[in-house]
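Since the structure is predicted, the reported quantities are computational estimates derived from the model, not experimental observations. Each chain gets a letter, A, B and so on, in the order the sequences are listed, and its residues count up from 1.
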Amino acid sequence: MTSSSDVRVRIAPSPTGDPHVGTAYIALFNYVFAKKHQGKFVLRIEDTDQTRAKASSEQDIFDSLKWLNLNWDEGPDCGGDFGPYRQSERLSIYREHIDILLEKKKAYRCFCTAERLDELRADQKSKGLQTKYDGKCRNLSEAEIAEHLEKGTPYVIRLAMPQEGTTSFNDLLRGDVTINNEQMDDQILLKSDGFPTYHFANVVDDHLMKITHVVRAEEWISSTPKHVRLYEAFGWDEPTWIHMPLLRNKDKSKISKRKNPVSLGYYKRAGILPQSMVNFLALMGWSFGDDQEFFSLEQMIEVFDFKNVSLGGPIFDQTKLTWVNQNYMHKMNDDEFVAHMRDEVITEDFLRKLKPLALERMTRFEQFFDNNSFFFNGGLNYEGLTILPKSREPKEFRDMLKGLLVVVDDLYDWNTESIGSALKAYRESIEWKPKDFFMPIRLITTGRKDSPPLNESLELIGREMVRYRIRDFMTTMK
RNA sequence: GUCUCCAUCGUCUAGUUGGCCUAGGACACCGCCCUUUCACGGCGGCGACGCGGGUUCAAAUCCCGCUGGAGAUGCCA
């Protein structure tokens with residue numbers, strides 16, 4: 001029996017984009033559980049995907065979590081006894097642990113090419129079979145392995161899963177979960193670029209960082225048996241597994257940016273107070289008891305118990321979030337209101353960015369708010385505006401906007417130059433006249449024809465709000 | 001397709017050891033009141049145990065099946 005002060009939990013976001021509301025959701029429950037038991041809350045950055053990791057995103061994660069007051073005890077910025085806390089800085093640790101498994105014959109080198117695996121998968125799929133590695137490299141002779149290594153054939157390391165029997169684990173919220181081992185794939189642990197996969201890095205790090213409770217989202221349930229087998233291969237004790245429900249879109253699918261704003265930055269920009277967000281997130285799948293809907297982080301910690309978690313995936317409904325926020329807003333005193341307007345809404349930083357766009361279009365300062373309201377607003381009102389170009393059908397206009405959303409999503413950096421070149425490239429690819437293309441975008445994102453230069457405006461409005469307005473407009477055109 | 005998880009009002013949920021549930025609260029919506037307008041606030045209304053079998057004196061609550069939803073099935077996490 002461990003004493004409660006031994007509790008150690010973590011969140012492990014990957015720095016691949018705007019900090020996600022789902023990250024905050026899981027962070028909240030980890031944080032509250034840690035505080036409840038006087039334990040430690042660890043922040044670990046999972047930057048093992050070289051193709052997707054984005055440098056600025058790590059700082060954004062820090063900022064977002066701090067904004068919500070979900071402060072961590074150990075992490076890349078503040079250190080701790082079990083660092084480093086950035087997976088890209090732990091490569092040698094993973095190497096050592098791979099060697100242990102190789103030595104124990106629990107893992108093996110796989111020299112199969114990506115092409116072969118694609119074909120294998122396609123073949124299995126066409127036959128209605130489960131897709132899974134066929135074990136070709138599982139029993140290579142020492143000589144064959146040596147030959148491949150000699151030639152420098154790229155390879156990955158796979159875990160040798162048991163091929164019969166079952167694997168079970170106990171989830172604190174769901175009880176025992178068992179799967180047949182035939183279902184289990186020989187999970188890749190180390191990619192050919194030498195980086196570990198999530199599954200491997202995660203297990204190694206959780207063990208070395210002495211994580212006692214893995215609190216993560218439901219989407220991980222199906223890979224937990226693999227993790228269990230990994231712990232077993234090392235001879236380590238498993239943590240307690242706790243799989244929280246998944247936040248959902250309106251259509252019940254896993255929450256996603258294509259269907260719902262998911263960026264914490266968006267909600268901050270949209271005027272949601274951090275305590276509103278935390279309170280609302282807590283209401284997703286958990287209840288305070290006694291029908292109490294409003295509570296602080298401190299109050300939540302006081303009464304927290306995983307027993308009060310309900311397992312149905314909650315729909316992230318902005319209407320209720322707004323209502324929670326309204327409640328907190330209306331409680332602000334004069335000082336709080338002034339401070340918030342000054343520090344969060346009409347900030348000095350924003351005014352400085354706005355000045356070159358706004359000033360030359362004004363003859364009196366009284367025009368400031370009227371001219372620039374769309375920089376501060378959320379959704380816009382399109383009444384009285386003719387947005388659809390005369391020469392285009394609604395259907396193709398809609399398709400253009402769908403493509404535009406993808407362009408907005410896929411843009412790596414969000415600034416005047418990158419926006420400009422991306423829009424230009426997109427327009428050229430679909431061969432629309434500039435007028436048919438740019439004016440509707442201007443109208444949709446700013447709500448007016450006489451707004452400042454488009455690229456600059458879009459940068460200031462922000463990626464998330466631009467995406468929101470395009471989607472919002474699309475719903476109005478039915 | 002296969003595996004796994006889940007299942008109370010449109011939405012978030014209470015219901016935790018079966019009876020006090022003719023299923024409670026909140027959001028949204030509708031109506032009324034307050035009010036020179038709007039908002040806030042107050043009062044009220046609408047509205048759910050997915051279906052079928054068991055077990056039991058008694059089931060939203062336990063068991064089985066079905067159906068439905070979701071996730072996983074990636075050298076993403």
Set of ring-ring contact (aromatic ring centres under 6.0 Å, His included) partners for F376(A), sequence neighbours left out: F350(A)

For nucleotides 66-73 of chain B, give me every protein contact, N/O to N/O, under 3.5 Å, one pair per line with atom names.
{"residue": "rA70(B)", "atom": "O4'", "partner": "R248(A)", "partner atom": "NH1", "Å": "3.4"}
{"residue": "rG71(B)", "atom": "OP1", "partner": "K254(A)", "partner atom": "N", "Å": "2.8"}
{"residue": "rA72(B)", "atom": "OP1", "partner": "K254(A)", "partner atom": "NZ", "Å": "3.0"}
{"residue": "rA72(B)", "atom": "O4'", "partner": "S222(A)", "partner atom": "OG", "Å": "3.1"}
{"residue": "rA72(B)", "atom": "O2'", "partner": "S222(A)", "partner atom": "OG", "Å": "3.1"}
{"residue": "rU73(B)", "atom": "O2'", "partner": "T131(A)", "partner atom": "O", "Å": "3.3"}
{"residue": "rU73(B)", "atom": "O2'", "partner": "T131(A)", "partner atom": "OG1", "Å": "2.7"}

Salt bridge (Lys or Arg N to Asp or Glu O under 4.0 Å) partners of residues 188-205 of chain A, not counting sequence neighbours, each pair once: R44(A)-D205(A), R90(A)-D205(A)

Suppose the criterion is side-chain hydrogen bond (donor to acceptor under 3.5 Å, both in side chains): which pairs have a residue in residues 273-284 of chain A, not counting sequence neighbours? S276(A)-N325(A), N279(A)-Y328(A)

With A27(A), which residues qualify under side chain to side chain contact (heavy atoms under 4.5 Å, CB included), at least two apart? I11(A), F41(A), L65(A), L70(A)

I need the CG-P distance between N260(A) and rU11(B), as an integer number of Å. 15 Å

Electrostatic pair E464(A)-R269(A), nearest N-O below 4.0 angstrom: no

Might you list the N or O atoms of the protein lying below 3.5 Å from N or O atoms in nucleotides 14-17 of chain B, with each pair's distance?
{"residue": "rA14(B)", "atom": "OP1", "partner": "S287(A)", "partner atom": "OG", "Å": "3.1"}

So which pairs with a foot in residues 107-137 of chain A pass ring pair (Phe, Tyr, Trp, His ring centres under 6.0 Å), sequence neighbours left out? F111(A)-H148(A), F111(A)-Y155(A)

Listed once per pair and sorted, the salt bridge (Lys or Arg N to Asp or Glu O under 4.0 Å) pairs that draw on residues 309-321 of chain A, sequence neighbours left out: E293(A)-K320(A)

Need the pair for rU35(B). Rule: Watson-Crick or G-U wobble, both distances under 3.5 Å, any strand; none if unpaired. none

Once you apply a heavy-atom cut-off of 4.0 Å, does R174(A) come out as touching a base, just sugar-phosphate, or nothing? sugar-phosphate

Partners passing side chain to side chain contact (heavy atoms under 4.5 Å, CB included) against Q292(A) (at least two apart in sequence or in another chain): F288(A), F295(A), Q299(A)

Between the protein and nucleotides 40-46 of chain B, which nitrogen or oxygen pairs are less than 3.5 angstrom apart?
none

Which residues satisfy the salt bridge (Lys or Arg N to Asp or Glu O under 4.0 Å) test with E144(A), sequence neighbours excluded? none

Within residues 220-243 of chain A or reaching into it, pairs that qualify as salt bridge (Lys or Arg N to Asp or Glu O under 4.0 Å) - sequence neighbours excluded: R229(A)-E232(A)

Base rC75(B) paired with S192(A) side chain (donor-acceptor, <3.5 Å): yes

